[in-house]
Protein chains: 2
Amino acid sequence: MRSRQTRTAVLGALSIQPMTGYAMREAIRTTLGHFWSESFGQIYPTLAELEQEGLVERGEGTRTGSSTFALTPAGRAHLRTLLADPPQPDPPRNGVLLRLFFGRVLGPEACADLVRDARDRAERQLAGLAAERTDTDHTAHADDSPYWLLTISAGEHAARATIAWADETLATLATLAAEGHGGEPPTSSKETP
Amino acid sequence: MRSRQTRTAVLGALSIQPMTGYAMREAIRTTLGHFWSESFGQIYPTLAELEQEGLVERGEGTRTGSSTFALTPAGRAHLRTLLADPPQPDPPRNGVLLRLFFGRVLGPEACADLVRDARDRAERQLAGLAAERTDTDHTAHADDSPYWLLTISAGEHAARATIAWADETLATLATLAAEGHGGEPPTSSKETP
DNA sequence: GTACTCTTATATCTGGTAGACATATCTCCG
DNA sequence: CGGAGATATGTCTACCAGATATAAGAGTAC
């Protein structure tokens, strides 16, 4: 059985409106992008499974060979069950922190570059979320939008936290660099001088 | 070739001190746990690859059949290269936000439970990080510890952001519940009343 | 002193996933 | 009206995570 969380995302997307597999990927990428991701490799097999189980219905698409999927009543009931399941924790993987942890090998300046990049990304995300926030306010789905705004708010809190941490960290790294904890000698110098 | 980030984590761990595959998994789980994870399925094959390439050296372990791995000079140089690579963004997957996004189907009370759980987890993480912080201060690796503290600080910022967001969100959900946006009707009621 | 069990360490194996790739349909311009 | 590029759709493969099997050592009772 495919992961329950992917099924949740797929059924949830169809609970907003019927759509094709490709459209679903786009919707997930643009709207859920800051906290979720699915790839074709999951979406299509999952839709096929759900069709087998009678939880979604396949309809004609606009193009030959394409299909639009819609939620059946059974599918809607199943979605409620899935949403009530406890969330599965996903293993964290933060490439910036991994590099920073071994920062002594890399040196303070390179670490600072890394942190500045992360800060920039957070700023851009904050701007993107602000745009989404106004979009959501102007869009029709009045019953859903309060919940959508909660997820946007989560992204904003996280981004602001990243920015605050980055500023603190840059200050710390500056003093580290000044004190001459300059990391390991660069490759030009010998191991045994 | 196995993911460069896994190689980075493995070589980085050996840069602290030589260790066995099992010890490495433990070290990654306990020390890097709040921002990284690796499983045996990656660690052992990666170690074998790195040995082939002469980047690590296999030594005798304490038990029959066990091996201790140590960084070679070439391995240390390779680690520097890997750390300089730009971090790979990992696709986000936040189960709590996924459920909250479809919160209309689930109802405000169940959503509040979810958010309270997330808040509890963040509180516990904050406590754990505080413990790690004092540990790090008292441990020998003086050159590494400034960098380790930076990663701990990142975790603390993130956890505090989660707590602040949770408090805001719980207030919002309370008003939603009061206003009677009670989600979809429970399964007992009919679709067309 | 010896045999048995329980815990801990190590390695492999399987299902699931991400993203590259192949294919087909539209649209716009000549 | 025909063709080329853009866009939409679906499949395939290599890789990864975690569960599971296997083996060693320590402790305990007789």
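Just so it is clear, the values below take in all heavy atoms, side chains as well, and ignore hydrogens, waters and symmetry mates. Just so we're on the same page: letters track the sequence lines, and every chain starts at 1.
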Starting from [atom2] on [N], measure out to [atom1] on [X] and report it in whole angstrom.
{"X": "A:Met19", "N": "D:dT9", "atom1": "CE", "atom2": "C1'", "answer": "16 Å"}
{"X": "B:Phe40", "N": "D:dT22", "atom1": "CZ", "atom2": "P", "answer": "17 Å"}
{"X": "A:Leu47", "N": "D:dT9", "atom1": "CG", "atom2": "P", "answer": "13 Å"}
{"X": "B:Arg7", "N": "D:dC15", "atom1": "CZ", "atom2": "C1'", "answer": "14 Å"}
{"X": "A:Met24", "N": "D:dG10", "atom1": "CE", "atom2": "P", "answer": "11 Å"}
{"X": "B:Ile43", "N": "C:dT12", "atom1": "CD1", "atom2": "C1'", "answer": "14 Å"}
{"X": "B:Glu49", "N": "D:dA14", "atom1": "CD", "atom2": "C1'", "answer": "13 Å"}
{"X": "A:Gln88", "N": "D:dA19", "atom1": "CD", "atom2": "P", "answer": "11 Å"}

If we ignore angles and hydrogens, is there a donor and acceptor under 3.5 Å between the side chains of A:His34 and A:Glu132?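 No, no side-chain donor-acceptor pair sits under 3.5 Å.
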Centre of B:Phe35's six-membered ring, under 6.0 Å away, within 45 degrees of the axis: is that where NZ or CZ of A:Arg93 sits?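 Here A:Arg93 fails the 6.0 Å and 45° test against B:Phe35.
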Under 4.5 Å between side-chain heavy atoms, hopping through other hydrophobics if needed: is there a path connecting A:Leu71 to A:Tyr44?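 A:Leu71 and A:Tyr44: separate clusters.
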On DNA chain C, does the nearest nucleotide to A:Arg25 precede the nearest nucleotide to B:Glu26 from the 5' side, or the other way round? Give the residue.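 Nearer the 5' end of the strand: B:Glu26.
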Quick one: on DNA chain C, does B:Phe69 or B:Pro89 contact a more 5' nucleotide (nearest heavy atom)?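 The residue whose closest nucleotide sits nearer the 5' end is B:Phe69.
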Would you mind telling me which of D:dG18, D:dT9, C:dT10 lies closest to the side-chain atoms of A:Tyr44?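 From the listed options, D:dT9 comes nearest.
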Taking the side chain of B:Ser39 as heavy atoms from C-beta outward, which of C:dA11, D:dG10, D:dG18 is closest to it?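 Among C:dA11, D:dG10, D:dG18, the one nearest the side chain of B:Ser39 is D:dG18.
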Check B:Thr162, B:Thr169, B:Asp167 against B:Arg119 for a side chain to side chain contact (heavy atoms under 4.5 Å, CB included) and give me the one that passes.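 Only one of B:Thr162, B:Thr169, B:Asp167 forms a side chain to side chain contact (heavy atoms under 4.5 Å, CB included) with B:Arg119, namely B:Asp167.
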Report which part of the nucleic acid A:Pro91 touches: base, sugar-phosphate, or nothing (heavy-atom distance under 4.0 Å, all strands).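 A:Pro91: backbone/sugar contact only, no base atoms under 4.0 Å.
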Distance-only, no hydrogens or angles: does the B:Ser37 side chain make a donor-acceptor pair with backbone N or O of A:Pro91 under 3.5 Å?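 No.
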Check this one for me: any side-chain N or O of A:Thr20 less than 4.0 Å away from OP1 or OP2 of D:dA8?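 No, outside the criterion.
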Taking only side-chain N and O atoms of B:Tyr22, does any of them lie within less than 4.0 angstrom of OP1 or OP2 on C:dA9?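 For B:Tyr22, the contact criterion (side-chain N or O under 4.0 Å from OP1 or OP2 of C:dA9) is met.
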